[in-house]
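The structure appears right after this line, and notes come after that.
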Amino acid sequence: QAYNCLIHFYKSGLLNSKSVHEETVARGEEEMNCLQNILQFFLFWLHLSHGAVVDSALTKEGRYPSPRIVILGATGAGKSSLANVLLGRDNIYDGQEFRNGCFRVSSGLDSITKKTCADQGYWLGNTSQRVTVIDTPGFGDKLVEEERTIENLVTTLRDEIKYVHVFVITFKQGDNRMTNSLRSMISLFEKMFGTRFWDNAILEATHWNHGEDAQRIRMESHPALTQKFWADEFNRILKREYQLSKDLPSFFIDTFYHDESLHEIEVFNNNSRLLMEYALTREAFECKDIEIALTEIRELQNTIDNLVEDEQEKEEMIQGLIEQRNQLEKTLSQYSPTPEEQQQRDPTLCSRNKCYTPTEFALFGVGAIVMGIMLGVLVISWLSHQDSNTNHSDCSHKPLTEHTDEEDLKPKSRPPSLSEQCLADEEKELLKEGKDYQACQATR
């Protein structure tokens with residue numbers, strides 16, 4: 001536009017006039033707009049070539065038009081893909097126009113975006129609304145190693161962007177639980193931006209396919225993975241761990257939607273429209289009060305270094321003690337005589353102290369076992385013999401008395417005891433000898 005205005009003024013002879021301003025006013029509003037474009041062009045050129053700070057709302061808003069959206073998330077969450085789609089670019093844009101991997105989409109597991117980058121363009125490629133999207137590096141659970149990345153994020157937002165309308169915290173569809181990596185990342189954001197950061201924060205579920213097959217698979221899980229369940233679960237965790245007073249809005253923008261599916265296109269447009277409406281209605285978050293959360297990180301690193309040093313000292317101490325023990329054992333083995341050597345030095349040692357070899361101890365044990373078995377057999381035999389003699393003596397020495405009661409002759413229902421059997425044998429002998437049967441019957 002500035003170039004066209006210069007050509008217009010040149011052809012009109014305005015540049016050769018000594019009263020450019022008066023003739024421009026006379027020509028009307030069109031020429032005034034051209035002059036304003038030329039002025040804005042030269043101011044912007046001075047800013048780029050000489051690093052001059054043009055602190056005016058016109059140039060700042062022109063460089064970073066509102067609303068300004070920052071996309072945050074873990075490594076591999078799909079931040080760059082989302083940023084490209086919101087700016088109307090392809091979802092697999094290679095970021096060739098940017099340095100440090102900004103806005104570059106990759107299928108690897110490592111973070112491609114190394115620095116915080118801002119780009120402005122038209123919302124979804126339409127010319128109706130301009131927007132600024134800030135792509136950020138991915139954060140994991142190794143925050144100490146990402147100190148430079150954190151510092152670059154803070155300085156860019158604080159010194160360049162100045163204020164933000166929406167912080168988009170991205171999570172994968174499968175991130176339906178709070179891992180240590182996600183917990184560390186969100187805690188870092190809260191430390192950097194403060195508690196007011198939550199007033200401009202939203203949740204975005206990336207890789208949320210709205211196709212029929214994906215919807216069926218989510219509904220068959222237990223519990224069913226619906227949009228409401230996903231949003232409620234994350235808000236419940238955030239309220240519990242970060243004391244939030246309200247739920248964060250949740251969006252489900254699928255950057256890889258099927259462009260031939262009317263349903264997926266409609267869902268994408270609806271979620272994108274809701275995100276823009278939310279951004280336009282939010283009060284801007286001023287980044288001037290952002291704190292660099294590096295002091296705690298450095299303290300943590302110092303603590304880790306101290307623990308590592310202590311552990312190394314303890315390991316060295318343990319190793320020294322082990323070496324001393326081995327040296328002492330070696331010394332003892334050199335100067336301590338073996339039992340054979342002791343016997344050779346003093347032949348009367350075993351005679352005085354009753355020394356036995358392992359073979360002799362084994363023979364003593366076997367002999368003790370055999371002796372015990374033999375004693376057990378003898379004791380059992382003796383006890384059995386004593387019991388039989390006692391029973392026979394009781395049977396033969398009982399007196400025989402007369403008894404004429406015929407009921408005693410009836411057989412008993414109980415089985416005969418050993419005494420009764422002895423009496424029966426005695427009766428047979430009495431019958432043979434011609435003695436009185438009734439006397440024996442009475443005795444029984």
[Y] and [X], any side-chain heavy atoms less than 4.5 Å apart:
| X | Y | value |
| --- | --- | --- |
| Ser250 | Gln227 | no |
| Glu160 | Tyr64 | yes |
| Leu275 | Leu86 | yes |
| Trp198 | Glu190 | yes |
| Gln173 | Leu225 | yes |
| Trp123 | Ile69 | yes |
| Asn326 | Lys330 | no |
| Ile134 | Ile71 | no |

Asn200: partners by side-chain contact (heavy atoms from CB on, under 4.5 Å), with sequence neighbours left out: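 side-chain contact (heavy atoms from CB on, under 4.5 Å) list for Asn200, sorted by chain: Phe167, Arg282, Phe285.
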The single option from Thr170, Asn91, Asp90, Thr255 passing side chain to side chain donor-acceptor pair (under 3.5 Å) against Ser81: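 Testing each of Thr170, Asn91, Asp90, Thr255 against Ser81, the sole residue satisfying side chain to side chain donor-acceptor pair (under 3.5 Å) is Thr255.
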Hey, what do you get for [atom1] ([X]) to [atom2] ([Y]), rounding to the nearest 0.5 Å?
| X | Y | atom1 | atom2 | answer |
| --- | --- | --- | --- | --- |
| Leu153 | Leu72 | CG | CG | 6.5 Å |
| Cys117 | Phe103 | SG | CZ | 6.5 Å |
| Lys79 | Ile169 | NZ | CD1 | 12.0 Å |
| Leu307 | Lys314 | CG | NZ | 8.5 Å |
| Met192 | Cys287 | CE | SG | 10.5 Å |
| Met276 | Asn126 | CE | CG | 10.0 Å |

Classify the side-chain pair [X]/[Y] by whether it contains a donor and acceptor separated by less than 3.5 Å.
| X | Y | result |
| --- | --- | --- |
| Arg63 | Gln120 | no |
| Asp135 | Ser80 | yes |
| Ser187 | Tyr242 | yes |

Sidechain-backbone polar pair: Asn235 side chain, Leu248 backbone, donor-acceptor under 3.5 Å: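 Pair found, side chain donor or acceptor close to backbone of Leu248.
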Which atom names give the shortest non-hydrogen contact between [X] and [Y], and what distance separates them?
| X | Y | value |
| --- | --- | --- |
| Val133 | Ala83 | CG1-CB, 3.6 Å |
| Thr116 | Pro137 | OG1-CD, 3.7 Å |
| His258 | Ile265 | O-CG1, 4.0 Å |
| Gly121 | Leu87 | N-CD2, 3.7 Å |

Worked verdict on Asp119 versus Arg89 for salt bridge (Lys or Arg N to Asp or Glu O under 4.0 Å): CA-CA 12 Å; Asp119 191 21; Arg89 291 194 288 257; 2.7 Å; yes
Residue pairs involving residues 254-276 (criterion salt bridge (charged side-chain N to carboxylate O under 4.0 Å, His left out); sequence neighbours excluded): Arg273-Glu277
Asp247/Arg236 salt bridge by N-O under 4.0 Å criterion: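 The answer is no: the pair does not qualify as a salt bridge.
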Donor-acceptor pairs under 3.5 angstrom involving side-chain atoms of residues 202-210: please list them, not counting sequence neighbours.
residue : atom : partner : partner atom : Å
Glu204  : OE1  : Ile253  : N            : 3.3
Glu204  : OE2  : Ile253  : N            : 3.3
Thr206  : OG1  : Ala77   : O            : 2.7
Thr206  : OG1  : Phe171  : O            : 3.1
Asn209  : OD1  : Gly211  : N            : 2.7
His210  : NE2  : Phe252  : O            : 2.9

